[in-house]
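Working notes, structure below.
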Amino acid sequence: MAPSRCHDVIVIGGGVVGITLARELSRYHLDVVVLESDAEVGFGVSKANSGIIHSGIHADPATLKGALEWPGNEGWLRLRDDLGFGFAQVGELLVALSAEELGTIEHLHARGERKGIPGLQRWDAARVRAHQPNLSRDVIAALWAPTAGVVNPYEAVLLIADNAAANGVEIATEQPVTAIEPAHRGEPDGPLVVHTPTRTLATRYLVNAAGLRADEVARMAGVGTFTITGRKGEEYLLDKRLAGLVTSVIFPCPTPTSKGTLVTPTFDGTIMVGPTAEATDDKDDTATTPEGAQAVFAAAKRLVPAISERDVIAEFAGVRAVADSDDFVLGATGRRGFVNAAGIQSPGLTAAPAIADHIIEVLRDEGLELRERSDWRPRAEHPVRFSVLSTREQAELAASEPGFAQLVCRCELVTEAEIVDAIERGARTLDGVKFRTRAGMGRCQGGFCTWRCLELLARCRGIPMTEVTKRGGTSWLVRDRDDVDAAPSGGS
Ligand SMILES: Cc1cc2nc3c(=O)[nH]c(=O)nc-3n(C[C@H](O)[C@H](O)[C@H](O)COP(=O)(O)OP(=O)(O)OC[C@H]3O[C@@H](n4cnc5c(N)ncnc54)[C@H](O)[C@@H]3O)c2cc1C
């Protein structure tokens, strides 16, 4: 039997695409729900990427990737103005290391100008060196694109989600969608019913933004017209002592499957090198490998010779969701009311705001009524970031609120008050605290603060430490001594 209440739109997937879409939908008089299988939003590939808002020059405008890259870039400026997450327009240099690569630069320059991207310039070697003195002497020319930016992707997704929720969107985590069926037999174009292990919901429109699993979700709705495969990318973060080594994103000339290995000054002051681009059959394979590290550092050193493996403080991998068309799969399907926002490989982070606009137009065409709300609130309430305050402001805050006098993460200067606030805002896991506050992201990678974060999670959530997880599911971090003692010999 169908549930009595019928939502207007359900979005499956709480990555940057689903969350940005949900926030845009919250502008209208609509009842919107996001269903996310993970313990928190943004735990998919949306947190495991290079964090670059691309300048707009990279993708072929004949594809959806290329058509939505530049409007997406412009959309991020509006999101940044509304929500104030970490974002800096640092520009990018796409460098040529050989005479053959000069043709690639010229091609991308001309294409970028046709796309209307402002500020593009061809620089000679002397100008490149004056701007980025640590680049290789082998660089003979570069394309300068000032519109590229770097963003804290996890912080952005969380603030977009908070703002969507403040505007009435229900964001339901730990809700993996397992089945989809028509609400009423004999009404194949009518509302849909969506099942998770604990809930059954009805909706008039269903958007599939399920990332690597979007092909499975489409099949559940009977419109499985595409397949998603994984393309893994490994990334390596270098110590903050190298801050300033490069001040813009450095791109090599692209390969047929990727933009190549980049050297990126992250918003938080580390240098990131990567990613690789390897096809993988295992969509959950986020392990880094010695081969990946070797490939990344060999390529990065060709651009910036001073880069060294010795400076690595953290490494991770993300898996791009690549559709068989090698393009985004966006739009209406054979099932009225079921809309795809799938196959969102790179530049999906960049394009997310434009993907949201595109899907809203598709929903309008499918009959969704869009009446703007007069009470929509674009701005988010901001958590305090103790580390960016002046010494005087820090002292005043610590004197007025004891929680700001207790330092939890020494590397990133995160206080107890910020961690408690993050948990009150919805962090449920150690990673949720980390991505909201940066506790554990510094040089010691949580060696000092993990235990304190676990204690605060347990205390604020009213659960034993043994129930706190790293990222949901069974990723517990602490075991009860009695369980360990009772384990059969040889058990762990
Ligand atoms: C190494 C790497 C570097 C990259 N760098 C950049 C970059 O610098 N700039 C850029 O623009 N792009 C970049 N990208 C691409 C970008 O990260 C992605 O395009 C973007 O994050 C895709 O967002 P998404 O919301 O579609 O996917 P996800 O973030 O994966 O979100 C999908 C969500 O759906 C949920 N889900 C799946 N199945 C179900 C289900 N059955 N029920 C409920 N929920 C479900 C998942 O748990 C997940 O949270 C990079 C990608 C990689 C791998």
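Whatever order the structure lists them in is the order used to number ligands and atoms, beginning at 1.
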Inset, instruction - For residues Phe85 and His382, establish whether the separation of their ring centroids is below 6.0 Å. - result: no
Inset, instruction - Could you tell me which residues satisfy ring-ring contact (aromatic ring centres under 6.0 Å, His included) with His131, sequence neighbours excluded, listed by chain and number? - result: Trp123, Trp144
Inset, instruction - Pick out which of Val128, Leu262, Val95 makes a side-chain contact (heavy atoms from CB on, under 4.5 Å) with Ile250. - result: Val95
Quiz: residues 301-308 side-chain donor-acceptor pairs under 3.5 angstrom, not counting sequence neighbours:
from: Lys301; atom 1: NZ; to: Glu309; atom 2: OE1; distance (Å): 3.0
from: Lys301; atom 1: NZ; to: Glu309; atom 2: OE2; distance (Å): 3.2
from: Ser308; atom 1: OG; to: Arg310; atom 2: N; distance (Å): 3.0

Inset, instruction - Show the protein residues that qualify under the rule heavy atom under 4.0 Å from an atom of ligand 1, listing them in chain and number order. - result: Ile12, Gly13, Gly14, Gly15, Val16, Val17, Leu35, Glu36, Ser37, Asp38, Gly44, Val45, Ser46, Ala48, Asn49, Ser50, Gly51, Ile52, His54, Gln175, Pro176, Val177, Ala209, Ala210, Gly211, Arg213, Val217, Gly233, Glu235, Pro275, Gly318, Val319, Arg320, Ile344, Gln345, Ser346, Pro347, Gly348, Leu349, Thr350
Legend entry - Set of salt bridge (Lys or Arg N to Asp or Glu O under 4.0 Å) partners for Asp324, sequence neighbours left out: none
Legend entry - Test: Asp239 and Arg443 ion pair at under 4.0 Å: yes
